[in-house]
Amino acid sequence: MTEEQKLTESNSKKDKKRKVLVEVKNLTKYFPVRSGLFKRTSNWVKAVDDVSFFIYEGESFGLVGESGCGKTTVGRTILRLIPATSGSVHFEDQDVYELSGAELKQMRRDMQIIFQDPYSSLDPRMPVGESIAEGLRIHTDKSGQERYDIVIEMLSRVGLRADFARRYPHEFSGGQRQRIGIARALALRPKFIVCDEPVSALDVSIQAQVLNILKELQDDFGLTYLFIAHNLSVVEHFSDRVGVMYLGKLVEMATREDLFADPLHPYTQALMSAIPIPDPTVKRQRVLLQGDVPSPLNPPSGCRFHTRCPLAFDKCSQEEPPFKDYGHEHFAACWLLESGEKGASKLSKMVAEKSELVSITG
């Protein structure tokens, strides 16, 4: 039995009362690189490479990692905004990639997205009320008045006035535009929403407001979120479970509590050590990663993190570690864990012996 099959089995055996709403199996997305006079494919950008995870109904699943690791591509591929190279996505036990016609149209009503950039995600020539109502016009047979009533209700739910429906996007601030994007995603009453870094372009004070709105809407409408972000502090506040990606691969996945209390993968520990501490009297040892992220055009063999990992040994560069459960649905892919070294304390001790650590304040 493969590790992906074991991962799939674990979600049904360990918690039968919780329903899996979205299940991603061996998701792969390669983008062709074309060159020459005839623009033939000369290479492939391996943006997402064999990623598997599941999302329970009603939860917020956080997906984190450095810029360029494939987080956004995962979200858009799940929704079929871009086609997958291989793999499958099941939504309510339906294979998303096998749907067509009316079934695909129904699926699109149930799966929506909040885009990262609140400035480019709205049509500048269309009043925001029409942008919010566009999905209703395409997917329902509601009258103009019924659509208008829903638009006003959605604007109210995100803290905006009814007269804003007649205004154009350039008349709003970034935070207001993102609220409009949330209202648009919510108009069709979906079951699942991909939040693609919805607060990364906003000021910190506005970020808190938008996150609180998303939480309130989740409670009121029973929503399920895939929350894509690179700010671990935001993810810790918002998510129930978290997956960590590096160079197109999922390297760790656990509940929020387990991940932040006991990160197993050296890459996750490095990310954790970079989180600022608001208390200036507290000192933290910072794990410094050497070098840059390798190119997805030619990713390293074996473990993709081994070129920057201070704990890497020969096997790391030769074989890819299995992504497996190390207890309590805490998945990770690291040969160091296979050798018997578990827990953040042991890994941190080894980091202190093998890599340069800098004591930082704040």
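From a predicted model like this one, the values you see are computed outputs, not experimental measurements. Below, all heavy atoms of this structure are taken into account, side chains as well, without hydrogens, waters or symmetry copies.
One side chain, Tyr326 or Glu338, offers a donor N or O that lies under 3.5 Å from an acceptor on the other. The closest side-chain donor-acceptor pair between Thr85 and Thr28, if any, does not fall under 3.5 angstrom. For the residue pair Ser120 and Asp117, a side-chain donor N or O sits within less than 3.5 Å of a side-chain acceptor on the partner. Side chain to side chain, Asp95 and Ser88 fail the donor-acceptor criterion of an N or O pair below 3.5 Å. Looking at Thr268 and Glu252, their side chains do bring a donor and an acceptor atom within 3.5 Å of each other. With 3.5 Å as the limit, one finds a donor-acceptor pair spanning the side chains of Asp149 and Gln145. Under the 3.5 Å distance criterion, with hydrogens and angles disregarded, no donor-acceptor pair is assigned to the side chains of Gln106 and His139. Looking at Gln112 and Arg184, their side chains never bring a donor and an acceptor atom within 3.5 Å of each other.
Between Phe227 and Val242 the shortest side-chain heavy-atom distance does not fall below 4.5 Å. Counting heavy atoms from C-beta outward, Glu57 and Phe192 have side chains that stay 4.5 Å or more apart. Side-chain contact between Phe91 and Leu21: present, with at least one pair of heavy atoms (C-beta onward) separated by less than 4.5 Å. In this structure, the side chains of His330 and Leu264 come closer than 4.5 Å at one or more pairs of heavy atoms. Between Thr224 and Val22 there is no side-chain heavy-atom pair separated by less than 4.5 Å.
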What's the verdict on side-chain contact (heavy atoms from CB on, under 4.5 Å) for Ser200 and Gln116, showing C-alpha distance, side-chain angles and the deciding distance? CA-CA 7 Å; Ser200 63; Gln116 176 181 357; 3.3 Å; yes
Show, in sequence, the C-alpha distance, side-chain angles and deciding distance for His237 and Asn212, and conclude whether the side-chain contact (heavy atoms from CB on, under 4.5 Å) test is met. CA-CA 10 Å; His237 168 74; Asn212 289 335; 4.2 Å; yes
What's the verdict on side-chain contact (heavy atoms from CB on, under 4.5 Å) for Phe172 and Arg179, showing C-alpha distance, side-chain angles and the deciding distance? CA-CA 10 Å; Phe172 299 97; Arg179 293 184 188 210; over 6 Å; no
Given side-chain contact (heavy atoms from CB on, under 4.5 Å), test Ile150 with Lys142 step by step and report yes or no. CA-CA 10 Å; Ile150 292 174; Lys142 296 183 181 298; 3.5 Å; yes
Decide yes or no on ring-ring contact (aromatic ring centres under 6.0 Å, His included) for Phe331 and Phe53, but give the supporting numbers first. CA-CA 10 Å; Phe331 293 84; Phe53 62 91; over 10 Å; no
Show the numbers, then the answer: is there a side chain to side chain donor-acceptor pair (under 3.5 Å) between Ser60 and Ser239? CA-CA 5 Å; Ser60 299; Ser239 302; 6.0 Å; no
Kindly determine whether Tyr246 and His265 satisfy ring-ring contact (aromatic ring centres under 6.0 Å, His included), including the steps that lead there. CA-CA 11 Å; Tyr246 180 81; His265 198 279; 8.0 Å; no
Check against salt bridge (Lys or Arg N to Asp or Glu O under 4.0 Å), Arg241 and Glu59: CA-CA 8 Å; Arg241 289 189 305 123; Glu59 79 167 348; 2.8 Å; yes
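With respect to Arg304 and Asp49, a salt bridge is recorded, a charged nitrogen being found less than 4.0 Å from a carboxylate O. Under the 4.0 Å criterion applied to side-chain N and carboxylate O atoms, Glu92 and Lys191 are assigned as salt-bridge partners. Between Glu153 and Arg189 there is a salt bridge, since at least one side-chain N of the basic residue sits less than 4.0 Å from a carboxylate O of the acidic one. A salt bridge is defined here as a Lys NZ or Arg NE, NH1 or NH2 lying under 4.0 Å from an Asp or Glu carboxylate O, and Glu320 with Lys249 meets this definition. Taking a cutoff of 4.0 Å between a charged side-chain nitrogen and a carboxylate oxygen, Arg308 and Glu66 qualify as a salt bridge.
With hydrogens and angles disregarded, a donor-acceptor distance shorter than 3.5 Å links the side chain of Asp123 to the backbone of Arg125. Of the possible donor and acceptor atoms, none in the side chain of Thr41 sits under 3.5 Å from a partner among the backbone N and O of Asn43. Formation of a donor-acceptor pair under 3.5 Å by the Ser301 side chain with backbone atoms of Ser317 is found in this model. Side chain of Lys215 to backbone of Phe238: a donor-acceptor contact under 3.5 angstrom is found. A side-chain donor-acceptor contact under 3.5 Å links Glu171 to the backbone of Tyr168. Under the 3.5 Å distance criterion, the side-chain polar atoms of Glu236 are left unmatched by any main-chain donor or acceptor of Ser233. Without hydrogens or angle criteria, Asp196 side chain to Phe115 main chain gives no donor-acceptor distance under 3.5 Å. With hydrogens and angles ignored, the 3.5 Å screen pairs no side-chain donor or acceptor of Arg80 with any backbone N or O of Leu104. Checking side-chain atoms of Arg18 against main-chain N and O of Tyr56 turns up no donor-acceptor pair under 3.5 Å. Under a 3.5 Å cut-off, the side chain of Arg177 and the backbone N or O of Pro169 do form a donor-acceptor pair.
Rounding to the nearest 0.5 Å gives a distance of 8.5 Å between CZ of Arg161 and CD of Gln176. For the atom pair NE2 (His230) and SG (Cys69), the distance works out to 10.5 Å, reported to the nearest 0.5 Å. With rounding to the nearest 0.5 Å, the separation of CD1 in Ile182 from SG in Cys195 is 7.5 Å. Taking OG of Ser52 as the start and CG of Asn26 as the end, the distance is 4.0 Å to the nearest 0.5 Å. Separating the CZ atom in Arg147 from the CD atom in Glu130 is a distance of 10.0 Å, to the nearest 0.5 Å. Between atom NZ of residue Lys324 and atom SG of residue Cys334 there is a gap of 12.0 Å, rounded to the nearest 0.5 Å.
None of Val74, Ile228, Val251, Val64 except one satisfies the side chain to side chain contact (heavy atoms under 4.5 Å, CB included) rule with Met245; the exception is Val74.
By the criterion of side-chain heavy atoms lying less than 4.5 angstrom apart, applied directly or through intervening Ile, Leu, Val, Met, Phe, Trp or Tyr residues, Ile138 is not grouped with Leu81; the two fall into different hydrophobic clusters. Under the 4.5 Å side-chain contact rule for hydrophobic residues, Ile213 and Leu211 share a cluster. Following chains of ILVMFWY side-chain contacts shorter than 4.5 Å, one cannot reach Tyr148 starting from Met154, and the two form parts of different hydrophobic clusters. Note: the hydrophobic cluster containing Leu186 does not contain Ile152 (ILVMFWY, side chain heavy atoms under 4.5 Å, direct or indirect links). Linking ILVMFWY residues whenever their side-chain heavy atoms come closer than 4.5 Å, directly or via other members, places Tyr97 and Val24 in the same cluster.
Within 6.0 Å of the CG atom in Asp220, the count of heavy atoms belonging to other residues, nucleotides or ligands exceeds 12. Atom CG of Asp141 sits in a sparse spot, with 12 or fewer heavy atoms from other residues, nucleotides or ligands closer than 6.0 Å. Crowding of Asp292 atom CG: a count of heavy atoms from other residues, nucleotides or ligands under 6.0 Å not exceeding 12.
Aromatic pair Phe61/Phe54: ring centres not closer than 6.0 Å.
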